[in-house]
Protein chains: 2
Amino acid sequence: MARTKQQNQRMRDDRREAILSGAVKLFATRGLAATKVADIAAAVGMAQGLLYHYFSSKEDIFVEIVRRAFTRLNTAARNLERAPQPPRDKLELAATQILKDLVQGEDFGWYSTLISLASISDAVPAEARAMIGRERDVSYEVVARIVRAGQKAGTVRSGRAEDMALVFWNAVKGLALQKAALGRDFRAPHWSALTNIFFDGGGT
Amino acid sequence: MARTKQQNQRMRDDRREAILSGAVKLFATRGLAATKVADIAAAVGMAQGLLYHYFSSKEDIFVEIVRRAFTRLNTAARNLERAPQPPRDKLELAATQILKDLVQGEDFGWYSTLISLASISDAVPAEARAMIGRERDVSYEVVARIVRAGQKAGTVRSGRAEDMALVFWNAVKGLALQKAALGRDFRAPHWSALTNIFFDGGGT
DNA sequence: GTCTATATCCAGATAGAC
DNA sequence: GTCTATCTGGATATAGAC
């Protein structure tokens, strides 16, 4: 008997999913322009033309991935903010978690890298640019608020909270790029080298 | 009377120079693939075809710029290492100088961004890849050595020197990307947010 | 040295058979 | 839904006049 509408929709979604997740790494390592739709098709194992049954263009795929990247990153940031720990522990948790994701080759590094690339390029679809403009600051602000709370509690060093958040996220961004460049040769720093930005005292 | 060989060579070099410096910003903001030679020609104000009298291909221009980027960056790093200041002052000097270059829109940010992009992309000329492999570590090692000297002198916090160098340069790399993305909207952090990586105590 | 015009190639997107 | 074959546009690189 025929499949239901829901099942068909589900299969279609799964296929779109496969395309998206195959394309992330390609876009992150080569950029939008240098990634050929033939490469994406090869990565997911389908014919080139078939991609166009799921997405209307290469740029469409790209925009969808940028959307997804921000959704995940900003959701993670907001979850961190709502977590029960005291501010200092939240910052340590963020650092250790990010570093762990990075060495384990989870999505985080690819998404971060993709956003970094998309942010600087003029050669990116307008819709992606607009999204970046809207979502860009969320995670910076989350960390800055945690820092301020920690300063009030006396567990985070003094100084401009925004600046610390800026340096922290940019260090993370840089490390994600580094990981993308070096692959398995990447050696992550100890988490304390990152939290040094926030805390006095105690080395490794 | 006719120009001398030297004069002709000089004029040719100047022209090459103009092409290179026009192309840096384009490559850094759009990447190799998305930068058209027509864009470069427009930026320097010459006809598209004329570029090929000075460089044999777009990739050739790219490789030359990567070479130049490393030359400048690594020279600056080595000069820092040889400077007369004590280690702690060298690290402060590096942070303040880099941040100053970044806000003033000097070359540093573009070169840094270009190397970041070129490092992750598989879609880059083999010669550039090879150069990156050779030159990549120089500035990390310089900073790590300064950190170790500072630790010996008791002016830099304890912890793995390599990790601090890694976090420092990746924060710088991230900030350069941020500057590339935001342009004149970029607000640099206070230098102390960067040197927090190395030093205990005293916020801004 | 500099330009305009063009050959050539390659990649995105489409058509149409199965 | 999936494939192969093809159309089409655009960008690199070259040719050739001035």
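By convention in this document, chain letters (A, B, ...) are assigned in the order of the sequence lines, proteins followed by strands, and residues within each chain are numbered from 1.
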- Query: Given K100(B) and E106(B), is the salt bridge (charged side-chain N to carboxylate O under 4.0 Å, His left out) satisfied, shown in steps?
  - Reply: CA-CA 9 Å; K100(B) 203 183 95 192; E106(B) 303 294 336; over 6 Å; no
Determine, for [X] against [Y], whether the closest basic-nitrogen to carboxylate-oxygen distance falls under 4.0 angstrom.
| X | Y | answer |
| --- | --- | --- |
| R78(A) | E141(A) | no |
| R68(B) | E17(B) | yes |
| E81(A) | K90(A) | no |

Integer-rounded Å distance: [N] [atom2] and [X] [atom1]:
| X | N | atom1 | atom2 | result |
| --- | --- | --- | --- | --- |
| L32(B) | dA11(D) | CG | P | 14 Å |
| D39(B) | dA13(D) | CG | P | 14 Å |
| L51(B) | dT2(C) | CG | C1' | 12 Å |
| L26(A) | dG12(C) | CG | P | 12 Å |

- Query: Think R88(A) forms a cation-pi with F199(A), using NZ or CZ under 6.0 Å from the six-ring centre and within 45 degrees of its axis?
  - Reply: yes
- Main-chain N/O of Q85(B) paired to D89(B) side chain as donor or acceptor, under 3.5 Å: no
- Item | Whether D39(B) side chain and K36(B) backbone form a donor-acceptor pair below 3.5 Å | yes
- Within residues 42-50 of chain B, residues whose heavy atoms come under 4.0 Å of DNA chain C: M46(B), A47(B), L50(B)
- Query: Looking at DNA chain C, which of residues 55-67 of chain B put a heavy atom within less than 4.0 Å of it?
  - Reply: none
- Item | Nearest to side-chain heavy atoms of Y52(A), which nucleotide of dA13(C), dG1(C), dT14(D) | dA13(C)
- Message: Nearest to the side chain of K36(A), heavy atoms from C-beta on, is which of dA11(C), dG1(D), dT2(C)?
- Response: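 The nucleotide sitting nearest to the side chain is dA11(C).
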- Locate the shortest heavy-atom distance separating N196(B) from R157(B); write the atom from each residue and the value. O-NH1, 2.9 Å
